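Let me begin by presenting the structure, written as structure tokens, before commenting on it.
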Number of protein chains: 2
Amino acid sequence: MGDKISRGLLRFRERVFKALSDSTRLEIIEYLKDGERCVCEIIPYIGKAQSTTSKNLGILFRAGILDKREDGKKTFYRIKNPEIFLLLKAADSLNLKDLASASETVDALRKAIEG
Amino acid sequence: MGDKISRGLLRFRERVFKALSDSTRLEIIEYLKDGERCVCEIIPYIGKAQSTTSKNLGILFRAGILDKREDGKKTFYRIKNPEIFLLLKAADSLNLKDLASASETVDALRKAIEG
DNA sequence: ATTATATATCGAGATATTGGAATATGTCTA
DNA sequence: TAGACATATTCCAATATCTCGATATATAAT
């Protein structure tokens, strides 16, 4: 207790969260849930300019979230580490807990009023 | 398979990750690990301007990551939901080179999140 | 009431990020 | 080799973000 967290870990976390803090990139990650896809599939799915999608793929790749494989003129991206989905789930659970505690509050109020 | 993830969930994730994608804010979260602290303690710990720290606290509060309590002229902030630490752990685990200990972390996370 | 203290908010400058058009690079095919 | 295709990179404008100093607001103390 009391020791400051290392600058390095802090910066690592920052890089990961920054890579995830864009809905276009989050959508790419969701799209790759079922396996690798070539850029030519990702572009129309995402519906933004080719350069935009390519750039976002590069950001996810450099953040260590995606892996890529080149085959001829195509490039296939895939989730590098499925733990990323646990991370997303953990984020979602922050939302669920909010709702849960909100409904607990509502229940408590109801009891207080009716009971 | 194939259904697009909802825009709302995407935006929720984006907001959470955006709030976490700054090392000053990540450091604040670490500092609050052991319990609530008043702003007057957080400011010197972080070592940035008072307005900067106040603004970052506001961002974490509005993102639903921190809670606050006012007592006289002091304001105390605390972690709203300890699940945030699972989220941080999940991020860290992306970094782990040792697959064995990584999968331990994954197991622990899975239990914590799903169980 | 006046002053000191604690925190939040406003405004500005520096920097970063986003997305798209244009261009570059690399690879296949005829 | 020329041309078509797939992807990455460069350049730029718009927007967002970070930090700070100054100011505002609220509470406590004298």
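Given the structure is predicted, the values throughout are model-derived calculations rather than measurements. The figures that follow rest on heavy atoms only: side chains count, while hydrogens, waters and symmetry mates do not. Numbers restart at 1 for each chain; the letters A, B, ... are given by sequence-line order, proteins then strands.
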- prompt: Where do A:Glu14 and B:Ser23 come nearest, in terms of heavy atoms and distance?
  reply: OE1-CB, 3.3 Å

- prompt: Whole-Å distance between C:dG20 C1' and A:Ile43 CD1?
  reply: 13 Å

message: In the structure I gave you, are the side-chain heavy atoms of B:Ile46 and B:Asn56 within less than 4.5 Å of one another anywhere?
response: no

field: Residue-level proximity of residues 13-20 of chain A to DNA chain C when a heavy atom falls under 4.0 Å
entry: A:Lys18

field: Rounded distance in Å - CZ (B:Phe76) to P (C:dT7)
entry: 8 Å

message: How close do A:Tyr77 and A:Ile42 get, counting heavy atoms only, and between which atoms?
response: CB-CD1, 4.4 Å

message: Does a side-chain N or O of A:Ser54 approach OP1 or OP2 of D:dA8 to a distance below 4.0 Å, or not?
response: yes

message: Membership question, hydrophobic clusters at under 4.5 Å side-chain separation (ILVMFWY): are B:Leu32 and B:Leu87 in the same one?
response: yes

query: With a 4.0 Å cut-off on heavy atoms, is B:Gln50 in touch with a base, just the backbone sugar-phosphate, or nothing at all?
result: base

query: Does D:dT19 have OP1 or OP2 sitting under 4.0 Å from an N or O in the side chain of B:Ser51?
result: no

- request: Take atom CG of B:Asp22 and atom P of C:dT15, then tell me their distance rounded to the nearest Å.
  value: 17 Å

message: Is it the case that D:dG3 (base atoms only) and A:Lys73 (side chain only) share a donor and an acceptor within less than 3.5 Å, ignoring hydrogens and angles?
response: no

message: Ignoring hydrogens and geometry beyond distance, is the side chain of A:Lys74 in donor-acceptor contact with the base of C:dT27 at under 3.5 Å?
response: no

query: Taking the six-membered ring of A:Phe76, is the NZ or CZ of A:Arg37 close enough (under 6.0 Å from the centre) and on axis enough (within 45°)?
result: no

- request: Cation-pi check, A:Lys4 to B:Tyr45: give yes when NZ or CZ is under 6.0 Å from the six-membered ring centre and within 45° of the ring axis, no otherwise.
  value: yes

- prompt: A:Thr52 near the nucleic acid: base, sugar-phosphate alone, or nothing, with a heavy-atom cut-off under 4.0 Å?
  reply: base

Distance below 4.0 Å between B:Asn56 side-chain N/O and D:dT17 OP1 or OP2: no

message: Using side-chain heavy atoms (C-beta onward) and a distance below 4.5 Å, is B:Leu88 in contact with B:Leu26?
response: yes

message: Using a heavy-atom cut-off of 4.0 Å across all strands, would you classify A:Tyr77 as base, sugar-phosphate, or nothing?
response: sugar-phosphate

